[in-house]
Q: 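One structure, pasted below without further comment.
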Amino acid sequence: MRYRLTFAAGLALGYVLGTRAGRERYEQLKKSARQMAQNPAVRNTAESAAQTSREAAGKAFHAVSDKLGDKMPASVADRVRSLRERGQGAEDDWGTSNT
């Protein structure tokens, strides 16, 4: 019960502080976030992280498929293959290419 009360109090406090900040502060935060996302250093870091994660996912896929071999259902293998093909050459939400 103590945790629920603490959660409810935090939720109420967040609501009150959020409504006091108002629309101006929201627009200010939105503008700052947009400027940060358009920063070349942030974009390069995001693209680098995306590339690293794609490489790690590929390695994990190969490791799992080597261990499972023919035990993986064809429907799962087809789904993974279609997802990989769909992502080729497309841009993600950050505007980086999936190469």
Side-chain angles (χ1 to χ4, degrees):
M1 183 67 180
R2 187 175 100 202
Y3 298 112
R4 288 183 186 173
L5 184 60
T6 304
F7 177 75
L11 189 64
L13 180 65
Y15 177 77
V16 169
L17 292 176
T19 55
R20 283 191 182 169
R23 185 72 177 177
E24 283 181 40
R25 181 66 178 151
Y26 169 75
E27 292 295 333
Q28 185 182 24
L29 290 171
K30 192 168 116 175
K31 182 181 175 185
S32 296
R34 186 177 297 125
Q35 287 175 343
M36 186 178 71
Q38 291 176 353
N39 184 339
V42 173
R43 293 178 69 86
N44 289 340
T45 302
E47 187 170 349
S48 175
Q51 180 65 28
T52 302
S53 65
R54 282 191 290 273
E55 290 173 3
K59 289 177 185 177
F61 172 75
H62 291 299
V64 169
S65 63
D66 287 345
K67 291 196 183 252
L68 288 178
D70 294 330
K71 296 177 185 177
M72 188 178 344
S75 62
V76 174
D78 291 341
R79 179 71 177 149
V80 169
R81 196 173 300 114
S82 70
L83 288 173
R84 290 184 72 185
E85 290 170 358
R86 184 175 65 180
Q88 297 294 328
E91 287 199 358
D92 58 17
D93 292 338
W94 290 93
T96 57
S97 62
N98 289 333
T99 56

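Below, all heavy atoms of this structure are taken into account, side chains as well, without hydrogens, waters or symmetry copies. Note that the coordinates shown come from a computational prediction; the quantities given were computed from them, not determined experimentally. In this chain, residues are counted from 1 in sequence order.
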Q: Just jot down the side-chain hydrogen bond (donor to acceptor under 3.5 Å, both in side chains) partners of Glu27, sequence neighbours excluded, or say none.
A: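 side-chain hydrogen bond (donor to acceptor under 3.5 Å, both in side chains) check on Glu27 returns Arg23.
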Q: Say whether, by atom type as modelled, one donor and one acceptor occur between the side chain of Ser48 and the main chain of Asn44 under 3.5 angstrom.
A: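 No, because the side chain of Ser48 does not come within donor-acceptor range (under 3.5 Å) of the backbone of Asn44.
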Q: List the residues meeting side-chain hydrogen bond (donor to acceptor under 3.5 Å, both in side chains) with Glu55, not counting sequence neighbours, and say none if there are none.
A: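 If we apply the side-chain hydrogen bond (donor to acceptor under 3.5 Å, both in side chains) test to Glu55, skipping adjacent residues, the hits are Gln51.
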Q: Minimum heavy-atom separation for Gln38 and Arg43, please, with both atom names.
A: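 Of all heavy-atom pairs spanning Gln38 and Arg43, the closest is O-CD, 3.8 Å.
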Q: Rounded to the nearest 0.5 Å, how far does OG1 of Thr52 lie from CD of Glu47?
A: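 Interatomic distance, Glu47 CD to Thr52 OG1, rounded to 0.5 Å: 10.5 Å.
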